[in-house]
Structures are given as structure tokens and as C-alpha cells.
S.K.: 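Here's a structure for you.
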Protein chains: 2
Amino acid sequence: MGMKKIATFNVNSVRSRLHILERWLNDTNIDILCLQETKTEDATFPSEFFHQKGFQVFYCGEKAYNGVAVASKEKPAWVSFGLGDGLLPDGRTRMVHCLFGDDLHLINLYVPQGKALDHPDYEMKLKFFDRLLKYLDKNFTPESKIIVVGDLNVAPTDMDVTNPDNKRNHVCFHEDVKKAFNSLLEWGFVDVFRKHRPGEGEFSFWDYRVKNALERNIGWRIDHLLATKPVAERSKDAYVARELRAWEKPSDHAPVVGKFEL
Amino acid sequence: MGMKKIATFNVNSVRSRLHILERWLNDTNIDILCLQETKTEDATFPSEFFHQKGFQVFYCGEKAYNGVAVASKEKPAWVSFGLGDGLLPDGRTRMVHCLFGDDLHLINLYVPQGKALDHPDYEMKLKFFDRLLKYLDKNFTPESKIIVVGDLNVAPTDMDVTNPDNKRNHVCFHEDVKKAFNSLLEWGFVDVFRKHRPGEGEFSFWDYRVKNALERNIGWRIDHLLATKPVAERSKDAYVARELRAWEKPSDHAPVVGKFEL
DNA sequence: GCGCAGGTGG
DNA sequence: CCACCTGCGC
């Protein structure tokens, strides 16, 4: 089948980022594009844009908050939204799962940020990881071919933030949420991005509020590309398309791209 | 002194229109630019932009509403804001009067829109014309050299709107407000724009809410260029710079430009 | 429809 | 800083 490029991009409103997607997709051949924070209801999702760029697109969003989408050149066998465990919130606007071919699973996530360690949303965030692990247990084994991507709202190691010691009580850097992230690795996922980019300063998010955050490279690596071994073995490269963060009216995130021989 | 170009432009927020002004002023040599609806307090007026474009600039605005400015290549002898009659509102953010040389007066107006025929603002609008006429009586005779420009929020004749019969009860087209406009002509002003452009479809405002208003030319002529006879005799041309209405993120108005041999 | 305001969110 | 919201003005 050849080399496939799979990207994850928190767009911070898909409708406000069409100029960025237009420019990027015109000079970068992406096979599967996973979006988070589309921030729009399905009726107002700009599906026509993706069709014109040669993608099929599947989305589930809500007004102003959350929302995930998968745009794919190849038609998936099926697509489903949410954690499907009967609990609420059901995660429809935070998780989309597609099957490609007959055994390649792609799960695109927008994990709750959590707000504050003592906020109910942080509890929900930790629960989200629990529920995801149960989803994996129920549907797969570590030998399954699974790619998990998305904004996981966790910087898993000290290398993944700029000032780790200032951030020990941050909802994206607290021990508990790092433990939740690591439980994914323990379940059977490889951090595919780190396999190819083990160095310092590899961020995917630079806060709008930090002055010259990109030039000073004050950022976070919270957008991830994980895969079970059978897929991770086929990964050939991974990188952050950080140039997009410097374009006009950017998202605060940049895409993370993985190349897989599939 | 040679040919002078004087323009009136309701910018619908000066700070949101700098890209339009940048592009326009780079390829059009304007001597005096009169702005309305600058929508910004003086502390946040982008005076540096006008300085860089070679203008002196004088402005009086308020947060979110109203606001007038005059940008001039030549330094005026003096500038004053408001109707100066001791009544309230004083009109500081709706009228600016400059003297050029020792006898050329320029009055730039943003007349209240009026909201509805039965709204107190409509009464205020008619009063505004009364107060303006008193201002003229007090300071000038019809032999004075005066240019009056601005968004007068009146379409004076059936030719100046698209569907006159639908608009008889509109605050910019009602008989009473047209009477107020005509009282300016009777006082001693010539409609300089109509002197040069007597034809149909000469509009200066196209409502954002009307689908494809510009292409369909569904608009209003409410931005005006008037002058007393001694100045009107020296007018050589007038036109609407309607191309600006088609640029990215335009104002809902286009500039009206007059050329005068002064 | 597109400015503004103030507010929430990350 | 830059998305979103509601509400207002034209």
C-alpha cells in the first residue's frame, strides 16, 4: 500500500482554521487527518472543504466546545463516536474510532483538559483514561493494529514541557494524569513520536498567552501519536509541522504527523 | 495649489479597516480623508498609521459607537469637534470642522441613523440637522467656502435607493429627513457628487445583511459630498471607490471622493 | 453580516 | 491571545 501520512491537529475551531488547512493540505499530502476542538455543531461543519481537498470526512461536534473529526482519503470500513460504555458524558465529541481495511484501527481523541486539580473536570479526565482502557480491553489486545492520536492533554515527561518544576500541579502534568498516560503505554502502546524524535523542545502546543511562545519555544507536547507494536514497527518518521503555528491566525497547536509503511 | 482629492469614508471601525486603508491609500493619492464610525476612543485611535501614510490626523471617538476623524496631508489652521451650541449630546463624535488656509472650511459629519421613526433617536437626527443649520447660520453665509462631507444617513431622492417605495418609512428615506437634507441644499449647498454623477445606481453603502448586495447593486447613497457654490464651482469630478466594498473584510460603505481645483 | 461590548475557556 | 457565547447597533 505504501507510505501513509497520518496527522493529528487540534485546530481550535475548524471553521476558523480553513485558511491554515487550505495552505497546509495544498503542499502536504496527508492521508488521514485527525482533528480536535472543531468547536462546531455537525450542521455547520465545513465538510465541503474536505471533500474538495479529496477527503471523506466524519465528525461529531458541539457548539463552541470540543468536537472531533477524521478526514481520510481512503474510505474507512466504519466509523463510531464516543466511548460506548453507557456512561455520561458519552464522549461522542471527544473520541472517534475508525476501521481502515479489515484490521487497522484509528482512535482520535480529545481528552478533557481538566481545568484544575480540584475541579470535577479533572476527575472526569482521569475517568476518561480509565474508560478508554476499558474500551481497549473490551475490543482489542496489544497485538491488534491500533493507532491512537489526538490531544491527550498530557505532557508525559519532563522533556515535554518547558519548566517542569513549575508545572507539577498542572492538570496536564500532574503525576496522576501522567500515570493515566503511562497506563496506555503499559497496555501496549508505543510513543511513536518519541521513537523518531527523542530530542528536547519537541512541542505541539504553544499558549497564545505566552509572549513569543513559538520563537522562544515555550510549549507543551500534549498532542500524541501512539500505536501498538505491530503498527509502531511500521512507523518510519514523525514530526511536528510547527511552521503552521507561525502562519496568520494560527491554531495554538501544530499538527503532529506520522509516516507509516502500511 | 492644484487638484485636491477629498474623500469621505464610513469605515465601520477604523481599527478593523486599516488593511483596506493601507491598500487604498497606497494606490490613491488622497489629500483629505474624512472618516466616520471610527468606533474607538482617542487613546486607541491608530494615529501612527496615518502619520506613516503622510497625514496629520484629528479624531474624536468613543468606545464601540460613532467617532469622526480627519486625516490631511496639509495641516489645517484649526480643528474643532461638535456642534458647540451647549446642547447635549454635543456631537463631538459626530462632527469635526477644520479650516484649511484662511477660508476653506471642511465639515465632516456622522449624522445619527435614527433607529426607527418613532424612536427618540430619530427626533435627535432631525434635531441634528436643525442644529447644523444654526451652526452654519452663525458662522457662515452661502458665499463662504465650505465643504460638507460625511455619512448623513439620508438618501435624498428615489434614485438614491434601490426600492424607494419599500423605504418611505425608513429613517434614512422618510420625507422629514429628506426635507432636512434639502434644507442644507436650500441653505446654499450643491450636491457635488450628483453634479458629476447624475446617473442611477450610484450608491455608497451596501448592507452586509443583503445577500450579494454589491454584485446586485442593492445599496444606498447616504454618504455625501456637498459644497457651497464657490467651492462647488471648483469641483472637477466625484466618484464612489466602490472597488473597496469588494475587498476582504470591507466596510459596508465605500469612500466617496471629490476632486477640487483649489 | 459584521463591527462592538462583556464574559468564559484554555 | 484568540477561540467561543449573548446581546446590541446599523
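Naming convention: chains lettered A, B, ... in sequence-line order (proteins, then strands); numbering from 1 in each chain.
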S.K.: Rounded to the Å, how far apart are A/Glu215 CD and D/dC1 C1'?
M.R.: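 The answer, rounded to whole Å, is 13 Å.
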S.K.: Give me each pair satisfying ring pair (Phe, Tyr, Trp, His ring centres under 6.0 Å) with a member in residues 159-183 of chain B, each pair once, sequence neighbours excluded.
M.R.: B/His170-B/Trp220, B/Phe181-B/His224
S.K.: Just how far, in rounded Å, is C1' of C/dA5 from CD of B/Glu62?
M.R.: 13 Å
S.K.: Base, backbone or nothing for each nucleotide of nucleotides 2-10 of chain D, written B, S, -, heavy atoms under 4.0 angstrom, 5' to 3'?
M.R.: SSSS---SB
S.K.: Mind running a 4.0 Å heavy-atom check of residues 168-183 of chain A against DNA chain C and sending the residues that fall below it, in number order?
M.R.: none
S.K.: A/Met124 has an atom CE; how far is it from atom P of C/dG9, in whole Å?
M.R.: 12 Å
S.K.: Can you list the residues that meet the ring-ring contact (aromatic ring centres under 6.0 Å, His included) rule with B/Phe193, with sequence neighbours excluded?
M.R.: none
S.K.: Just to verify, what does A/Phe50 make a ring-ring contact (aromatic ring centres under 6.0 Å, His included) with, not counting sequence neighbours?
M.R.: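 Partners of A/Phe50 by the ring-ring contact (aromatic ring centres under 6.0 Å, His included) criterion, ordered by chain and then number, come out as A/Phe45.
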S.K.: For the pair B/Asp191 and B/Arg221, find out whether any cationic side-chain nitrogen is under 4.0 Å from an anionic carboxylate oxygen.
M.R.: yes
S.K.: Who are the side-chain hydrogen bond (donor to acceptor under 3.5 Å, both in side chains) partners of B/Thr93, not counting sequence neighbours?
M.R.: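 Residues passing side-chain hydrogen bond (donor to acceptor under 3.5 Å, both in side chains) with B/Thr93: B/Glu62.
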S.K.: By the salt bridge (Lys or Arg N to Asp or Glu O under 4.0 Å) test, which pairs, at least two apart or in different chains, include something from residues 201-212 of chain B?
M.R.: B/Asp207-B/Arg209
S.K.: Quick one: side-chain hydrogen bond (donor to acceptor under 3.5 Å, both in side chains) partners of B/Tyr59, sequence neighbours excluded?
M.R.: none
S.K.: Using salt bridge (Lys or Arg N to Asp or Glu O under 4.0 Å) as the criterion, list what pairs up with B/Arg245, not counting sequence neighbours.
M.R.: none
